[in-house]
Amino acid sequence: MNIIFTDKYQLKGIIDEPKPASAFLPDWYKNITSYVTGKKEPPPTLEGTNSTIKKCVPVFDAITAGYIITLPCDVHVKTVDDKPFYTWSSFSAIEFHGVEQFTGHPKAMGDFDAPKFMNPWGIKTPKGWSVLIVQPMHRPSPFTILPGVVDTDTYTNNVNFPFVLNDIKFEGMIPAGTPIAQIIPIKRERWKMYLGGFEELEEQKQIVTKFQTVFFDRYKRFWWHKKEYK
């Protein structure tokens with residue numbers, strides 16, 4: 001499957017291109033050890049663990065899912081009259097939704113207009129595929145974008161990213177190249193929910209039993225499927 005990112009400014013080599021999220025492993029993740037004791041050894045009990053979050057495959061899959069779009073230019077934030085004031089170096093990097101458009105949302109910041117990062121990249125996916133747009137996962141950030149789903153097989157124009165500051169009093173630079181959105185392709189399919197019964201409980205019991213047969217990499221070894229984003 002192919003996903004296409006098109007820069008509306010046509011500034012190849014000047015602004016960063018989207019890249020697979022695996023190219024943006026956060027420093028905290030790269031720097032921590034895989035084992036609590038610092039070495040690969042069994043835990044004191046089978047129910048215990050010596051593994052850190054670095055060995056949690058679901059966390060790894062979240063960090064590396066899809067593609068990352070970065071901020072095309074520096075954005076500076078300071079407080080003016082008790083409200084965030086944004087300045088940026090180029091590209092009309094920030095625009096705003098009026099406060100009346102945001103009223104009632106759980107992330108609304110009082111009577112402040114809602115800022116949004118102006119994304120220079122249009123996204124195109126194959127027929128039947130949309131994208132889930134989320135805050136880059138498991139990464140430190142002074143802001144959080146509002147998640148959304150866009151049918152990018154038909155709407156291939158650029159989609160912008162409304163955001164809120166995690167601390168309304170934050171002041172400082174958000175530098176060019178900062179990850180601002182994680183783009184995850186999702187296939188549109190019809191789903192219907194059911195409640196599990198005896199068969200599902202038996203399946204869960206078998207998983208627990210299998211889980212207890214080895215010390216290391218249990219989920220990855222028996223149940224995980226590799227995901228690829230290039």
Side-chain angles (χ1 to χ4, degrees), residues 3-29 63 65-125 131-150 152 155-184:
I3 184 168
I4 301 172
F5 293 91
T6 304
D7 168 24
K8 72 175 182 179
Y9 297 123
Q10 294 295 287
L11 294 174
K12 184 176 182 179
I14 297 177
I15 64 174
D16 291 341
E17 300 174 358
K19 293 183 177 65
S22 58
F24 293 89
L25 291 179
D27 288 340
W28 73 264
Y29 186 84
I63 290 173
Y67 304 87
I68 294 291
I69 291 176
T70 60
L71 191 61
C73 65
D74 290 347
V75 171
H76 187 263
V77 188
K78 65 179 180 179
T79 300
V80 177
D81 295 330
D82 295 323
K83 296 182 179 182
F85 182 83
Y86 301 86
T87 55
W88 49 89
S89 57
S90 189
F91 302 116
S92 299
I94 303 286
E95 289 189 4
F96 296 88
H97 286 294
V99 63
E100 66 279 359
Q101 294 181 279
F102 208 51
T103 300
H105 192 280
K107 289 287 188 178
M109 298 184 296
D111 60 350
F112 304 164
D113 289 345
K116 58 182 176 182
F117 292 118
M118 301 303 289
N119 166 36
W121 297 95
I123 305 170
K124 184 175 182 179
T125 48
V131 295
L132 171 65
I133 302 172
V134 295
Q135 174 72 17
M137 290 186 278
H138 296 288
R139 303 169 197 270
S141 176
F143 60 84
T144 299
I145 69 165
L146 304 185
V149 174
V150 180
T152 45
Y155 186 84
T156 62
N157 192 25
N158 56 304
V159 177
N160 302 312
F161 311 131
F163 70 93
V164 296
L165 295 175
N166 297 328
D167 178 359
I168 197 63
K169 296 182 179 180
F170 168 80
E171 293 187 309
M173 185 73 73
I174 307 175
T178 297
I180 57 173
Q182 191 163 354
I183 311 299
I184 304 172

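Just the heavy atoms: all of them, side chains too, but no hydrogens, waters or symmetry mates, feed the values below. Note that the structure is a prediction, hence the values are computed from the model and not measured.
Between H138 and W28 the shortest side-chain heavy-atom distance falls below 4.5 Å. Counting heavy atoms from C-beta outward, H76 and D74 have side chains that stay 4.5 Å or more apart. F143 places none of its side-chain heavy atoms less than 4.5 Å from the side chain of V77. Between R139 and I68, some side-chain heavy-atom pair lies under the 4.5 Å cut-off. Contact annotation: the side chain of I3 approaches that of V131 to within less than 4.5 Å [non-hydrogen atoms, C-beta and beyond]. Between V164 and H105 there is no side-chain heavy-atom pair separated by less than 4.5 Å.
Nearest heavy atoms, W88 versus C73: CB-SG, 4.4 Å. Among all heavy-atom pairs drawn from N160 and P162, the shortest one is O-CD, 3.4 Å.
Counting only distance, with no hydrogens or angles, the side chain of Q182 and the backbone of A21 share no donor-acceptor pair below 3.5 Å. Side-chain atoms of D7 do not come within 3.5 Å of backbone N or O of E17 as any donor-acceptor pair.
The side chain to side chain donor-acceptor pair (under 3.5 Å) test applied to H97 returns Q101, not counting sequence neighbours. Shown here are the side chain to side chain donor-acceptor pair (under 3.5 Å) partners of D16, two or more places apart in sequence or in another chain: there are none.
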List the atom pairs, donor and acceptor, that lie under 3.5 Å between side-chain atoms in residues 114-124 and the rest of the protein, sequence neighbours left out.
residue : atom : partner : partner atom : Å
N119    : OD1  : W121    : N            : 2.9
N119    : ND2  : W121    : O            : 2.8
N119    : ND2  : V159    : O            : 2.9

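The CZ atom of F163 sits 4.0 Å away from atom CD1 of I94, with the distance rounded to the nearest 0.5 Å.
Within a 6.0 Å sphere centred on NZ of K8, heavy atoms belonging to other residues, nucleotides or ligands number more than 12. Residue D82 qualifies as open at atom CG: its count of foreign heavy atoms under 6.0 Å is 12 or below.
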